[in-house]
Engineer: 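My questions all concern the structure below.
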Amino acid sequence: MISNKADSVIILDFETTGLSPGHGDRAIEIGAVRIENGEITDRFQALMNPGRPVNRFIEDYTGITNSMLCKARDCREVMGDFADFIGGHNLVAHNASFDKRFLDAELKRISRRYSGQFACSMLAARRLYQDAPNHKLSTLIRYKNIRAAGVFHRALYDSEMTAKLWLNMLEDIQAQYGITSIRFDLIQKLSKTPKYAVQELLNRNY
DNA sequence: TGCCAGGCCCTCTTTAGGGCCTT
């Protein structure tokens, strides 16, 4: 088991009506896990009613139907609970720029904020696993031989898979570079480091 | 009815364009 500051985080995933909150898209499901000391210690999952129907593509892509969303709680209620769940934790998502846009937009609607920093598992994986076929979440799970027993594109399952990938990355950094206490900002710095400079960054033992 | 984004990265770059990722 690993124990360091970088893995005391909330790992989250949104399912949404589309790609852009700036063009009116809304969240329809939030899933998240809390990781502490290398283990999942808490979970959050909720569907939320966006106030309008989702299109057929989203129903097929996520398995979340309009019938399910009609019975779901309002986005405002769910996001209020989720803001309480994340508290002041640092946050991780796969392609974090996407989830951050929706988190910011939904919390703005209820005048809530968060104080944690975001890290992106996809950007970090692009540096660490440069030989992977691609850096989609499902591909990286297979690439790392992580046990998967569920269906991708549901928020809680994707957040759990992202959490397992995140822990694998921390273990790989620890094993390959001997960094015993991996700080969250090292992962953020790694994500912005050019590929050719990754080895140098990690060899510095931060 | 059809279409709509945005951040990051790479390169045949930087006075730009296109692919990757997310739903």
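Chain letters run A, B, ... following the sequence lines, proteins first, then strands; residues in each count from 1. Note that this is a predicted model, so its numbers are computed, not measured.
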Engineer: Check this for me: does any side-chain nitrogen of one of A:Asp185 and A:Lys189 sit under 4.0 Å from a carboxylate oxygen of the other?
Structural biologist: no
Engineer: Under the salt bridge (charged side-chain N to carboxylate O under 4.0 Å, His left out) rule, collect the residues that match up with A:Arg142, sequence neighbours excluded.
Structural biologist: none
Engineer: Taking the same atom, C1', in B:dA16 and in B:dG2, what whole-Å distance lies between them?
Structural biologist: 28 Å
Engineer: Could you pull out all residues at least two apart from A:Arg154 that satisfy salt bridge (charged side-chain N to carboxylate O under 4.0 Å, His left out)?
Structural biologist: A:Glu29
Engineer: Can you list everything that forms a side chain to side chain donor-acceptor pair (under 3.5 Å) with A:Asn95? Sequence neighbours excluded, please.
Structural biologist: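 A:Ser97.
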Engineer: Could you identify which residues of residues 11-24 of chain A place a heavy atom less than 4.0 Å from some atom of DNA chain B, listed by residue number, or say none?
Structural biologist: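 Correct list: A:Asp13, A:Phe14, A:Glu15, A:Thr16, A:Gly18, A:Leu19, A:Ser20, A:His23.
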Engineer: Quick one: side chain to side chain contact (heavy atoms under 4.5 Å, CB included) partners of A:Ala148, sequence neighbours excluded?
Structural biologist: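 In terms of side chain to side chain contact (heavy atoms under 4.5 Å, CB included), with neighbours along the sequence ignored, A:Ala148 is linked to A:Ile141, A:Tyr157, A:Met161.
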Engineer: Applying ring pair (Phe, Tyr, Trp, His ring centres under 6.0 Å), name anything that partners A:Tyr61, two or more places apart in sequence or on another chain.
Structural biologist: A:Phe57, A:His153
Engineer: Among residues 71-79 of chain A, which residues get a heavy atom nearer than 4.0 Å to DNA chain B?
Structural biologist: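 Nothing qualifies; none.
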Engineer: Taking the C1' atom of each, how far is B:dT13 from B:dG18, in whole Å?
Structural biologist: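 After rounding to an integer number of Å, I get 12 Å for this pair.
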Engineer: Among all residues two or more places apart in sequence or in another chain, which pass the salt bridge (charged side-chain N to carboxylate O under 4.0 Å, His left out) test with A:Glu59?
Structural biologist: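 With sequence neighbours excluded, A:Glu59 shows a salt bridge (charged side-chain N to carboxylate O under 4.0 Å, His left out) to no residue whatsoever.
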Engineer: Say you pick atom C1' in B:dT11 and the same atom in B:dC3; how far apart are they, in whole Å?
Structural biologist: 30 Å
Engineer: Taking the C1' atom of each, how far is B:dC9 from B:dT14, in whole Å?
Structural biologist: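 These two C1' atoms come out 14 Å apart once rounded.
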Engineer: Please name all residues satisfying side chain to side chain donor-acceptor pair (under 3.5 Å) with A:Ser159, sequence neighbours left out, ordered by chain then number.
Structural biologist: none
Engineer: What pairs of donor and acceptor atoms, side-chain ones from residues 108-119 of chain A against any protein atom, are under 3.5 angstrom apart with sequence neighbours left out?
Structural biologist:
from	atom 1	to	atom 2	distance (Å)
A:Arg112	NH2	A:Asp84	OD1	2.8
A:Tyr114	OH	A:Asp104	OD1	2.7

Engineer: Give me the first and last nucleotide of DNA chain B, going 5' to 3', that has any atom under 4.0 Å from a heavy atom of chain A.
Structural biologist: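 The contacted stretch runs from B:dC4 to B:dT23.
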Engineer: For B:dC12 versus B:dG7, give the span between their P atoms, rounded off to a whole number of Å.
Structural biologist: 26 Å
Engineer: State which residues pass salt bridge (charged side-chain N to carboxylate O under 4.0 Å, His left out) with A:Arg26; sequence neighbours excluded, sorted by chain then number.
Structural biologist: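 Result, salt bridge (charged side-chain N to carboxylate O under 4.0 Å, His left out) vs A:Arg26: A:Glu106.
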Engineer: Specify the residue among A:Arg101 and A:Pro194 whose closest nucleotide of DNA chain B lies further upstream toward the 5′ end.
Structural biologist: A:Arg101
Engineer: Does A:Thr193 or A:Leu137 map to a spot on DNA chain B nearer the 5' end, using the closest nucleotide for each?
Structural biologist: A:Thr193
